[in-house]
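Report on one structure; see the data block that follows.
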Amino acid sequence: MGPTSLGAAAPASGRKCGGVVRQFRRVTERRVRGGSKMAAPEERELTAEQTERLLQFQDLTGIESMDQCRHTLEQHNWNIEAAVQDRLNEQEGVPSVFNPPPSRPLQVNTADHRIYSYVVSRPQPRGLLGWGYYLIMLPFRFTYYTLLDIFRFAVRFIRPDPRSRVTDPVGDIVSFIHMFEEKYGRIHPVFYQGTYSQALNDAKRELRFLLVYLHGDDHQDSDEFCRNTLCAPEVITLINTRMLFWACSTNKPEGYRVSQALRENTYPFLAMIMLKDRRMTVVGRLEGLIQPDDLINQLTFIMDANQTYLVSERLEREERNQTQVLRQQQDEAYLASLRADQEKERKKKEERERKRRREEEVQQQKLAEERRRQTLQEEKVRKSECLPPEPHPDDPESVKIIFKLPNDSRVERRFHFSQSLTVIHDFLFSLKESPEKFQIEANFPRRVLPCLPTEERPNPPTLQEAGLSHTEVLFVQDLTDD
């Protein structure tokens, strides 16, 4: 909840911000000594009292910036309690009184013809002495109030009423509470510490009755009402347990603003406000000096007569909440179904993408294999074209070699003793029947012929150096799988 109530008779579960506001009285005094360091304001220098208030406000709110602390205090005319309360309200999400929402008239229905009104007239004079005193004082009283009204009316043309400009509504409430406690004591109903608009919003949100008290400082019955009626234990109990209680003096701008909205006729003035037909409506007006028992009876009567509206509103809210919850559940179910469908579509898309990549990889492999085979065939043709001619069978330097291929076929060809073993390898490589990779082995003795150049032997030996005879049988070993 944003604004809070303040009072000695508050229950343990009531609002606690009021106690926080008064904590500044218990803050340990901090003195600014010669060696202390504090950022000096760019404007005028602070007095010792203002410095004390600045440090106390920083201790209570935890604001690090001294400039921000000073600006806030200056907005509240150095009223530390009002500044702290406004800061607490901002932390709880309630707009600051210096950054209010767009101004609009107070949304309270006061034109309902069904408003219950109870006016207590002043007692008539008793006896001859009482009537005589009343008749003697009547001209003086009439003249006094007439001149006072004429004076106030004339002053308004010269200087506008300062109460018409609300600058610090929370400060007005705090100031009235302090005045009330100093004058009538700390045993009183829990005051709502916040603006009138905030009290209306809280009563509307919580579906509670809101009792508004407008205090007329100059009225002759105000002191007796506050001391004997408002501070009566049974009245305190009723107010604290059944309703919110907002009060202010009409001499304060905030109280004057509420007075202009409620249009009271005399003091003391009480108005009972509640949510009725979806609007905050005044359902009861109590005016005049009313006694504790009578006040309790009247408040109870007003609440009992209008309780059905709150019950109906609670049922409507529960129905709206249930409808909202149902709609939210439906939305969540729809979103869950949508996410499931999106997930299925995503998996299908990923599967299609994987299948496409696999097909591309297979196709790439096929193309690569085709290119490799083509390259191999071209290499075989090139090797075949580069082979030296086969020697004549009568050439004494010729060697007849029979090759046994891995497929058990035989190939025969003649070579010259002076030719390198590489020629034998190239001949076999150019054959279609030969494997891609192979080695040539001799049987007697069994050995692998070094037909290809290596780092140790860059020039392979000739047939004669390899120890081959005029007729040889060589075996081709397939190395493709290796």
Side-chain angles (χ1 to χ4, degrees), residues 1-7 9-18 88-89 92-95 100-101 104-118 169-170 173 189-214 234-248 254 258 261-262 269-286 295-328:
M1 180 179 294
T4 58
S5 300
L6 181 66
S13 61
R15 296 169 175 79
K16 299 179 180 179
C17 288
L88 293 175
N89 289 343
E92 294 182 1
V94 180
R104 62 179 185 272
L106 298 176
Q107 300 298 315
V108 177
N109 182 16
T110 59
D112 193 338
H113 65 279
R114 295 170 292 179
I115 294 178
Y116 177 79
S117 181
Y118 183 79
V170 176
I173 305 303
V190 178
F191 288 107
Y192 185 97
Q193 186 164 346
T195 66
Y196 177 64
S197 299
Q198 291 168 345
L200 289 174
N201 290 333
D202 277 353
K204 181 178 181 180
R205 182 175 62 252
E206 299 176 11
L207 292 179
R208 298 182 64 183
F209 290 99
L210 173 63
L211 182 62
V212 174
Y213 168 61
L214 294 179
E234 57 272 19
V235 174
I236 293 175
T237 301
L238 176 66
I239 293 177
N240 289 345
T241 56
R242 299 286 302 275
M243 64 198 75
L244 299 178
F245 183 56
W246 185 91
C248 190
E254 177 71 355
V258 177
L262 298 181
F269 174 79
L270 293 167
M272 183 72 81
I273 303 175
M274 59 170 288
L275 183 62
K276 182 178 179 181
D277 299 330
R278 304 250 180 121
R279 296 183 60 186
M280 293 303 290
T281 305
V282 177
V283 295
R285 297 168 60 96
L286 305 178
L295 176 61
I296 293 174
N297 293 334
Q298 295 301 325
L299 293 178
T300 304
F301 175 79
I302 295 174
M303 289 188 291
D304 292 343
N306 294 277
Q307 189 67 33
T308 55
Y309 294 102
L310 291 183
V311 173
S312 175
E313 183 63 30
R314 288 192 183 97
L315 293 177
E316 289 182 7
R317 282 195 181 181
E318 290 179 1
E319 184 178 354
R320 288 196 297 269
N321 291 337
Q322 291 176 357
T323 303
Q324 184 177 3
V325 170
L326 179 60
R327 185 181 297 111
Q328 183 177 358

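From a predicted model like this one, the values you see are computed outputs, not experimental measurements.
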Discussion item. Determine whether Arg285 and Met272 satisfy the following criterion, side-chain contact (heavy atoms from CB on, under 4.5 Å), listing intermediate values before the conclusion.
Written reply: CA-CA 6 Å; Arg285 297 168 60 96; Met272 183 72 81; over 6 Å; no
Worksheet item: Salt-bridged, Glu318 to Arg314, with N to O below 4.0 Å?
Response: no
Discussion item. Looking at Lys276 and Glu313, is any side-chain nitrogen of the basic one under 4.0 Å from a carboxylate oxygen of the acidic one?
Written reply: no
Donor-acceptor pair, [X] side chain versus [Y] backbone, under 3.5 Å?
X      : Y      : result
Asn240 : Pro189 : no
Thr323 : Glu319 : yes
Arg205 : Leu200 : no

With a 6.0 Å cut-off on ring centres, are [X] and [Y] close enough?
X      : Y      : result
Phe269 : Tyr213 : no
Tyr116 : Phe301 : yes
Phe191 : Trp246 : no

Measuring from atom [atom1] of [X] to atom [atom2] of [Y], what distance do you get when rounded to the nearest 0.5 angstrom?
X      : Y      : atom1 : atom2 : result
Leu326 : Gln328 : CG    : CD    : 10.5 Å
Leu270 : Leu299 : CG    : CG    : 7.0 Å
Ile302 : Leu286 : CD1   : CG    : 4.5 Å
Leu211 : Ile273 : CG    : CD1   : 9.0 Å
Gln307 : Asp304 : CD    : CG    : 7.5 Å
Met274 : Phe209 : CE    : CZ    : 5.0 Å

Fill in: side-chain contact (heavy atoms from CB on, under 4.5 Å) between Met303 and Leu238, intermediate numbers included
CA-CA 11 Å; Met303 289 188 291; Leu238 176 66; 4.0 Å; yes
Practice prompt. Using the side chain to side chain donor-acceptor pair (under 3.5 Å) rule, take Tyr309 and Asp277 through it: C-alpha gap first, then chi angles, then the decisive distance, then the call.
Written response: CA-CA 8 Å; Tyr309 294 102; Asp277 299 330; 5.9 Å; no
Could you check if a side-chain atom of [X] sits within less than 4.5 angstrom of a side-chain atom of [Y], using non-hydrogen atoms only?
X      : Y      : answer
Thr195 : Glu254 : yes
Arg317 : Leu275 : yes
Tyr192 : Leu210 : no

Worksheet, complete the sentence: Here the pair of heavy atoms bringing Glu234 nearest to Ile296 is CG-CD1, 3.2 Å
Item to complete: Can you see which heavy atom on Ala199 is nearest to which on Leu244, and at what distance?
Response: O-CD1, 4.3 Å
Discussion item. Tell me whether Arg242 at atom CZ has more than 12 heavy atoms from other residues, nucleotides or ligands lying less than 6.0 Å away.
Written reply: no
